[in-house]
Each structure stands twice: as C-alpha cells, then as structure tokens.
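These notes concern the structure reproduced below.
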Amino acid sequence: MKTENVHIFNLNGEDEFVQIQNKLKSKIDLCNIDESKIRICAGVDIAYWEDAGETFGACSIVVLDYNTTEVLEKVFSSGKIEVPYVAGFLAFRELPLIIEAAEKLSLEPDVFLFDGNGYLHYNHMGIATHSSFFLNKPTIGIAKSYLKINRVEFKMPANEVGAYTDIVIDGEIYGRALRTQKNVKPIFLSCGNYIDLESSYRIAMNLINNKSKLPIPVRLADLETHILRERFKEETAAQ
DNA sequence: GCGACAG
DNA sequence: ATCTTGTCGC
C-alpha cells in the first residue's frame, strides 16, 4: 500500500519535533465514520533489542478480516533505531519502520490499531494520530499504560467488560480508560485520526476475545514482533 | 538532586 | 520497551 510522503525525518531535536506536531495537529479530523464499511483492520507494533551497544527494532503489521478475525496478511520491517525514546515523541522513533512495513502491504486496511496513544497525548499527536498522516486511513490508539497529562488522573472504570470512563483534560475528552477484561487493568483508548471516539470504542470492543486485554490485531502484532526479534537477533549477531 | 516517564 | 521466577488469585 502506498503511503503519503510527510517529511519528518532528519530533524534536529525536540524543537523541530514539536513544530511538526503542531503543523499536523491542526489537520486532525475526528470525523464520524461508517462502521458498516469496515472490512479489514490491522494491528501495528514494534519490539526492540540491543546489539553491540546499538538498538534495533522489528515492526509487524497484522491484517485481519474485521468480521471473522481471520489473518489475511502479515508484513514486517526491521533495522537500526536512530531516535531515542522520549515520552511524547514516540512517533519519531517508530514511524520509519512502520512506514517501511506499510509499504509492503498488498491489502489496504480500513482501520489501523496502534500500540500507543493517539489523541490522548500532550499535543494530541500520539503515534496513532501521527501515523494517520502517512497511511491516510482511520487510526485508533491503544495504550497499555496511562500517560498522565496536566496532572489529570483517570477514573477507574467499573469491573465489567466494556465499562469505561472518559479522560477529560481541561474540559476536553482526550480518550477513554476501557475495561476489556474483568479483573484486568484497563487499556487506554483514544482516537488516532479520521474517526470518532464512539466508533473507536465499538471497533476495539468488537476485536476483543478472552485471550488478551488488547484488541486482537494489536495482540497478534505484539506476538509477531517477538518472533521476529528472535529471528533477527541471531542474524545480526552472526555477522 | 528527585520524580516522571505511551513504547 | 526489555531484563526475568515464582507466585498470588480466580
């Protein structure tokens, strides 16, 4: 699948990162979507490892039939990670591998689910939102831990599958603490882009089974990156 | 110096 | 994210 050429690479420092975020932020469109038109969905994740003092990563995108959750396609990419992890700038670290993998897709997913936040971000520009500008598709953010913004804590949702509490910061809904399994900590859902929160919620819940608290596409991508890491670890170490 | 900190 | 064994709870 073809990705949009949004320049974000070869940037110098966090000041330029913020400039890019501000520029893209103004183009965010949390529009309503027609869920009945969703046929295929995708999960995106990255795993890391160290070798000779350098950091490497493997990205996996797993494409599923939205209705049957049958796996339709898997693509990956791997390589040296050049950008350090800094909370708030995850996209600049992970996007190169994500784009490389997305370019290998023969299918065009109707929606992408990311391991990380979207609109629930200091600058509304978490990885799910930022990625949408390359993919030109609706995206959803699924984080496993809470990113606190302006010292606002989230309210723990009821202990029932599907229960949630909205995360409101300065009067604006940023995302949702969502219970996808009973007796399991909630996940943190937010719009990526080109989609509304209610649709994001329904899509995420439609992709939950009793195997994981994560939506199936994200969970499968997570598992896949671990397999890829074992494979590439040996290949890079052998050289 | 200390705490915060998506992945 | 990753390093890692046992162990508490349903």
Side-chain angles (χ1 to χ4, degrees), chain A residues 8 14 17-18 21 24-25 43-61 76-99 101 112-132 139-154 159-161 167 169 174-193 200 204 210-215 217-233 236-237:
Chain A
I8 66 152
E14 296 179 10
F17 286 178
V18 173
Q21 288 184 342
L24 293 176
K25 174 173 69 170
V44 186
D45 193 21
I46 291 179
Y48 297 92
W49 70 94
E50 303 281 332
D51 187 62
E54 306 201 299
T55 302
F56 292 83
C59 172
S60 167
I61 302 179
F76 69 87
S77 63
S78 71
K80 191 172 179 297
I81 301 296
E82 308 283 2
V83 181
Y85 170 70
V86 179
F89 303 108
L90 180 63
F92 296 94
R93 175 172 166 87
E94 299 200 332
L95 264 170
L97 285 183
I98 292 172
I99 293 168
F112 287 80
L113 287 81
F114 284 80
D115 189 328
N117 291 310
Y119 200 75
L120 176 53
H121 175 276
Y122 309 121
N123 206 10
H124 291 323
M125 281 293 296
I127 187 160
T129 307
H130 202 142
S131 297
S132 75
T139 59
I140 296 171
I142 304 287
K144 296 184 292 296
S145 62
Y146 181 57
L147 176 65
K148 193 188 297 180
I149 297 165
N150 289 357
R151 311 198 323 185
V152 175
E153 303 284 356
F154 73 93
N159 190 16
E160 292 173 19
V161 174
I167 296 165
I169 299 165
Y174 275 50
R176 220 164 246 193
L178 168 61
R179 189 87 67 173
T180 56
Q181 299 285 306
K182 196 169 185 178
N183 300 317
V184 175
K185 294 283 199 182
I187 63 172
F188 301 91
L189 167 82
S190 61
C191 298
N193 197 6
S200 301
N210 59 350
K211 308 264 185 199
S212 168
K213 73 171 180 179
L214 296 174
V218 178
R219 177 57 178 157
L220 293 183
D222 179 41
L223 292 172
E224 189 65 23
T225 58
H226 287 41
I227 295 171
L228 289 169
R229 179 174 55 199
E230 291 313 302
R231 199 165 106 200
F232 288 119
K233 245 184 178 174
T236 50

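Residue numbers begin at 1 in each chain, while the letters A, B, ... track the order of the sequences.
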Can A/Y85 be said to stack with the base of B/dG7, given centres closer than 5.5 angstrom and planes under 30 degrees apart?
-> yes
Send over the distance from A/K144 NZ to B/dC5 C1', rounded to a whole Å.
-> 14 Å
Does the ring centre of A/F56 sit less than 6.0 Å away from the ring centre of A/F232?
-> no
NZ (A/K185) with more than 12 external heavy atoms under 6.0 Å | no
Could you tell me whether A/I127 contacts a base, only the sugar-phosphate backbone, or nothing, with contacts defined as non-hydrogen atoms closer than 4.0 Å?
-> base
Hey, is the side chain of A/K148 poking within less than 4.0 Å of OP1 or OP2 on B/dA6, counting only N and O atoms?
-> no
Distance, rounded to the nearest Å, where A/L189 contributes CG and B/dA6 contributes P = 17 Å
Going through the checks in order, is the side-chain hydrogen bond (donor to acceptor under 3.5 Å, both in side chains) test met by A/E94 and A/Y48?
-> CA-CA 11 Å; A/E94 299 200 332; A/Y48 297 92; 2.6 Å; yes
Whole angstrom value for the distance that separates P of B/dA4 from OH of A/Y122 = 12 Å
Heavy-atom closest contact (A/I46 atom, A/G57 atom, distance) | CG2-CA, 4.5 Å
Picking from B/dA6, B/dG7, C/dT2, the nucleotide nearest the side-chain atoms of A/A87 would be B/dA6
For atom C1', what is the distance between B/dG3 and C/dT4, given to the nearest Å?
-> 26 Å
Name the nucleic acid region contacted by A/F114, choosing base, sugar-phosphate or nothing; use a 4.0 angstrom heavy-atom cut-off, strictly under.
-> nothing
Given the side-chain rings of A/H124 and A/Y174, with only the six-membered ring counted for Trp, is the space between their centroids under 6.0 Å?
-> yes
Closer than 4.0 Å, any side-chain N/O of A/S145 to the OP1 or OP2 of B/dC5?
-> no
note: A/E230, atom CD; C/dT2, atom P; distance rounded to Å ~ 10 Å
If you look at every strand shown and take non-hydrogen atoms under 4.0 Å, does A/G57 touch a base, only sugar-phosphate, or nothing?
-> nothing
Look at all strands and tell whether A/D115 reaches a base, only sugar-phosphate, or nothing, counting heavy atoms closer than 4.0 Å.
-> sugar-phosphate
Integer-rounded Å distance: C/dT2 P and A/Y48 OH = 9 Å
Between B/dC5 atom P and A/F154 atom CZ, what is the distance in whole Å?
-> 12 Å
Whole angstrom value for the distance that separates P of B/dA6 from CZ of A/R93 = 13 Å
5′-ward residue of the pair A/N183/A/H226 relative to DNA chain C = A/H226
Let me know the distance between CG of A/N150 and P of B/dA4, rounded to the nearest Å.
-> 16 Å
P spacing across the pair C/dG6 / B/dG1, given as an integer number of angstrom | 38 Å
Roughly how far apart, to the nearest Å, are B/dC2 and C/dT5 at atom P?
-> 31 Å
